[in-house]
2 protein chains.
Amino acid sequence: MRPREFDHDDVLRIAFDQFWRKGVRGTSLSDIARDAGVQRGSLYNAFGSKEALFLTAYERYASDYLGSVQKALGSGTLRKRLTAFFDLTIKNLRSGSPPRGCPTTRGLMELASVEGEGLDETARKMFADLVARITGLVQQAFSEGVERGEFNGDPETAALHIVTVTRGLAVLERAFGDEAQLRKIARHTVDLVLGNR
Amino acid sequence: MRPREFDHDDVLRIAFDQFWRKGVRGTSLSDIARDAGVQRGSLYNAFGSKEALFLTAYERYASDYLGSVQKALGSGTLRKRLTAFFDLTIKNLRSGSPPRGCPTTRGLMELASVEGEGLDETARKMFADLVARITGLVQQAFSEGVERGEFNGDPETAALHIVTVTRGLAVLERAFGDEAQLRKIARHTVDLVLGNR
DNA sequence: ATAGTATTTGACATGACGTCAAGAACGTGG
DNA sequence: CCACGTTCTTGACGTCATGTCAAATACTAT
């Protein structure tokens, strides 16, 4: 076996960063190859296609991100948990300079086209899966809140509402880029759901 | 002057439909030209570029859509107005078969990339403008609700929250495509904001 | 050492966007 | 009524993207 001349993980990091900044369709393999100091052909050999490279790179991100969501939602009062979750969400979609928005939401809206047979459908499932898992974690936080008398209502509906707001924040971020506004909406939402204080 | 051999508006409709279905970057001018029975060159002559064609086509949609939002939010109790607004939102993003999602949200997330100088920034402003106008209309509905004693709270914050939820619905639609779930979230949001009935 | 195998590399095919010059169709002024 | 100019159309071209392939290359394991 001839040894690979580049680091698999380095390329994945570089690729994800480019995809995040410029979108999947807006990023060419030549860009990534140049940035990584690799020949384009080597990327095809290692990953198969641009789509496959994206999926692999995104999976790394998704698993990391899910971990931090779990951590944010894992301890403290329900109010603390939700606040931490919103903080994490906003921090994520305002990361980078200039900020890059939410990779999941951006990817989902960009790739989940209608005709989608090939990648589009695979990618859609991946994004949808992440959103579903996150919703599950939020729902669990609400359920525990019910047990502790911090919340009375349907945990599933409440979780869906919270996650919907976070996805909406990802959209508003692209539209306005006003972080203070995003925080205001987040605070308002928590107050609305849990009562004013 | 040689007369144009195709209908300007027909092409805009066809183009917007394609952009909506497959995304801006996912649609080629050849596709549109074939669909419209026009030579690709004619499109360049008439509109200048793919981006310009998209902007023109989108502007038509935006102005129509803003009109229907205005209508939905224009009369009845505040609860009726918000419900009509959510109904319109969901109907819009579930239109077509298969459903095509929200063109504004999809376009915004697809095009509002970071490097964005040229089109990206122009398009971003256009999308952001529509979202801002809609927010204004919702805010006005809340303000009138305050005057009539149907609501007490900050209209601006409330409007931002509502619009955030509608943008979030556009994202969840792509992820899950479950219309009943979207309606449930919408109903829950109205109840949350206006009190349980 | 050598044979085998995976990686690299460069050439190629296809299809996208966009430009350009030449041709075609129509109004208009003599 | 005819030639002229303006606009639209058409096809060829350049560039850059994705993806494939065969040949060259550099290790590993026998």
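The sequence lines fix the lettering, A, B, ..., with proteins before strands; numbering per chain opens at 1.
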Under-4.0 Å salt bridge between A:Arg133 and A:Asp129
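A salt bridge is present here (some side-chain N lies under 4.0 Å from a carboxylate O).
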Nucleotide [N], atom [atom2] - distance to [atom1] of [X] in whole Å:
X       : N      : atom1 : atom2 : value
A:Leu29 : D:dT18 : CG    : P     : 5 Å
A:Tyr44 : D:dG19 : OH    : P     : 4 Å
A:Gln39 : C:dT9  : CD    : P     : 5 Å
A:Phe19 : D:dT18 : CZ    : P     : 9 Å
B:Asp7  : D:dT9  : CG    : C1'   : 17 Å
A:Arg25 : D:dG19 : CZ    : P     : 11 Å
A:Asn45 : C:dT7  : CG    : C1'   : 6 Å
B:Leu53 : C:dC17 : CG    : C1'   : 13 Å

Between [options], which nucleotide has the shortest distance from any of its atoms to the side chain of [X]?
X      : options               : result
B:Met1 : D:dT10, D:dT7, D:dG19 : D:dT7
A:Arg4 : C:dT7, D:dG19, C:dA16 : C:dT7
A:Arg2 : D:dG19, D:dT9, C:dT7  : C:dT7

Toward the 5' end of DNA chain C, by each residue's nearest nucleotide, A:Leu43 or A:Arg40:
A:Leu43
Is the A:Phe127 ring parallel, tilted or perpendicular to the A:Tyr58 ring (thresholds 30°, 60°)?
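Correct class here is perpendicular.
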Whether A:Ser42 contacts C:dT7 is assessed here as follows: a side-chain N or O lying under 4.0 Å from the phosphate OP1 or OP2. Is that the case?
no
So what does A:Phe47 touch, heavy atoms closer than 4.0 Å: a base, only the sugar-phosphate, or nothing?
nothing
Which part of the nucleic acid does B:Ser28 contact within heavy-atom distance under 4.0 Å: base, sugar-phosphate only, or nothing?
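Sugar-phosphate, backbone atoms only, no base.
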Give the intermediate values and the outcome of side-chain contact (heavy atoms from CB on, under 4.5 Å) for residues B:Leu82 and B:Phe142.
CA-CA 9 Å; B:Leu82 292 182; B:Phe142 272 108; 3.7 Å; yes
B:Arg174 side chain reached by B:Cys102 side chain, heavy atoms, under 4.5 Å:
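Heavy-atom side-chain distance check fails, nothing below 4.5 Å.
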Please check this pair: side chain of A:Arg106 against backbone of A:Trp20, looking for a donor-acceptor N/O pair closer than 3.5 Å.
yes
